[in-house]
Amino acid sequence: PPDGDIPQPGAAEDAWLCCLQPLPPRRANAATKLLVTRTDLKLWFQWPQKEDSQPLLPPLGRTKLPPWHFKMLNDHERNRRYELALAKAIRKASERRRRAEPGKVSVVDCGCGAGLLSLMAARSGAEVSSLELSSIISDITAQAITDQISPEPPIRLMTADVRSLFTEQVGHHDVIISELMDASGVGESLLGVLEHACKHFAAPGAQVIPCGLNLTGALGW
């Protein structure tokens with residue numbers, strides 16, 4: 001409004017939305033297309049990459065993913081760095097296997113969520129064991145794997161707490177990866193999950209991603 005006042009909601013037919021999610025600026029030449037995904041709690045918006053592109057997120061009204069997954073899945077810089085680290089680790093493991101024990105590189109994804117890192121590992125040529133605690137999320141993961149890789153995806157999905165599994169169920173792996181990262185870095189049991197995974201799932205010389213964590217704190221008053 002010209003006076004700068006924030007409009008107040010009125011009758012249902014006059015319903016309005018206030019979008020607080022920042023989107024990268026984009027110049028609008030004519031009609032502008034915006035993709036929207038919703039959960040029971042939130043609406044999430046994204047720009048289409050091109051005219052015929054498919055959204056990264058599930059279609060409107062068809063997703064059971066918790067709200068925080070949307071922002072994480074669309075954090076392109078974060079995902080790019082994970083993919084670079086994962087591809088590098090798989091290359092190193094492949095070279096090590098050629099010198100010692102030939103075979104396909106294996107990756108275990110601890111807390112795989114919607115399966116993004118598992119799909120990245122499979123795309124780099126690895127066999128993947130994906131571990132996810134939530135049955136609701138693992139159902140979505142299974143569908144994502146089927147949609148992206150067919151007919152026989154090199155990904156084995158297990159729905160269980162990582163810390164309840166042992167070598168007999170999961171096996172030994174060349175790369176251990178986890179993206180259980182919240183804002184503090186350690187709030188989603190990352191350290192406990194990786195400690196258990198390294199003890200029970202690590203093959204000799206296994207690489208761990210992330211292998212370190214720098215935290216910066218500040219006191220306020």
Side-chain angles (χ1 to χ4, degrees), residues 49 56-57 65 68-134 137-138 140-150 152-160 162-163 165 167 170-183 185-186 188-214:
Q49 298 302 309
L56 175 63
L57 307 178
L65 280 175
W68 65 84
H69 275 257
F70 298 120
K71 192 169 184 179
M72 180 179 64
L73 287 170
N74 283 283
D75 188 341
H76 301 298
E77 180 61 19
R78 173 184 184 276
N79 298 336
R80 183 184 71 85
R81 290 177 180 271
Y82 259 111
E83 184 166 28
L84 288 173
L86 188 52
K88 183 178 179 180
I90 291 172
R91 283 196 306 270
K92 285 186 175 181
S94 181
E95 293 168 2
R96 189 171 63 251
R97 274 188 169 273
R98 279 198 297 268
R99 293 193 300 267
E101 182 184 352
K104 204 165 187 180
V105 173
S106 63
V107 174
V108 59
D109 184 0
C110 300
C112 66
L116 181 62
L117 299 185
S118 296
L119 291 169
M120 289 177 180
R123 184 164 64 184
S124 292
E127 292 181 340
V128 187
S129 292
S130 304
L131 315 180
E132 172 54 45
L133 173 64
S134 168
I137 296 177
S138 67
I140 298 170
T141 311
Q143 185 61 53
I145 292 170
T146 302
D147 290 345
Q148 294 293 326
I149 304 177
S150 61
E152 295 183 4
I155 299 177
R156 179 177 60 143
L157 177 62
M158 301 178 67
T159 305
V162 172
R163 293 160 294 187
L165 299 172
T167 310
V170 180
H172 287 120
H173 296 271
D174 302 295
V175 180
I176 297 171
I177 191 165
S178 179
E179 49 83 55
L180 295 174
M181 287 273 196
D182 66 351
V186 294
E188 291 190 39
S189 303
L190 176 67
L191 298 181
V193 165
L194 285 181
E195 181 182 19
H196 181 89
C198 289
K199 182 178 180 180
H200 297 283
F201 310 151
Q207 298 171 83
V208 181
I209 304 171
C211 60
L213 180 64
N214 292 326

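Numbering of residues begins at 1 and proceeds along the displayed sequence. FYI, side chains are in, hydrogens and waters are out, and symmetry mates aren't considered; it's all heavy atoms of this structure.
Looking at heavy atoms from C-beta onward, His196 lies out of side-chain contact with Lys199 at the 4.5 angstrom threshold. Put simply, the side chain of Lys104 does not reach to within 4.5 Å of the side chain of Ser106, judged on heavy atoms. Side-chain contact between Val175 and Lys92 is absent, with no heavy atoms from C-beta onward closer than 4.5 Å. A heavy-atom distance below 4.5 Å is found between the side chains of Cys198 and Val208.
Contact detail for Ser178 and Cys110: the closest heavy-atom pair is OG-O, 2.9 Å. Between Asp109 and Leu117 the shortest heavy-atom distance is OD2-CB, 3.7 Å. The two atoms that bring Leu86 and Val107 nearest to each other are CD1-CG1, 4.5 Å, heavy atoms only. Closest of all the heavy-atom pairs between Ala114 and Ala144 is O-CB, 4.0 Å. The shortest heavy-atom contact between Pro210 and Leu190 is CG-CD2, 4.4 Å. Across all their heavy atoms, Leu157 and Ser138 have their closest contact at CD2-O, 3.4 Å.
Residues satisfying the salt bridge (charged side-chain N to carboxylate O under 4.0 Å, His left out) test with Arg97, not counting sequence neighbours, are Asp174.
The main-chain N or O of Ile90 is never found under 3.5 Å from a side-chain atom of Ser94 such that the two would form a donor-acceptor pair. A distance-only check finds no donor-acceptor pair linking the side chain of His200 to the backbone of Arg163 [under 3.5 Å]. A donor-acceptor contact shorter than 3.5 Å is absent between the side chain of Arg156 and the backbone of Glu127. Proximity of a side-chain donor or acceptor of Thr141 to a complementary backbone N or O of Gly113 within less than 3.5 Å is detected.
The line from SG of Cys112 to CE of Met158 is 11.0 Å long, rounded to the nearest 0.5 Å. To the nearest 0.5 Å, the span separating OG on Ser124 from CD on Glu83 amounts to 6.5 Å. Separating the CD1 atom in Ile145 from the CD1 atom in Ile140 is a distance of 12.0 Å, to the nearest 0.5 Å.
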Test Asn79 against Met120 for side-chain contact (heavy atoms from CB on, under 4.5 Å), laying out the working first.
-> CA-CA 10 Å; Asn79 298 336; Met120 289 177 180; 4.0 Å; yes
Check step by step if side-chain contact (heavy atoms from CB on, under 4.5 Å) holds for Phe201 and Val162.
-> CA-CA 10 Å; Phe201 310 151; Val162 172; 3.8 Å; yes
Can you check salt bridge (Lys or Arg N to Asp or Glu O under 4.0 Å) on Glu77 and Arg80, steps first, answer last?
-> CA-CA 5 Å; Glu77 180 61 19; Arg80 183 184 71 85; 2.8 Å; yes
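The number of heavy atoms from other shown groups lying within 6.0 Å of CZ (Arg78) is above 12.
Screening Leu165, Thr159, Val193 for a side-chain contact (heavy atoms from CB on, under 4.5 Å) with Leu131, the sole residue that qualifies is Leu165.
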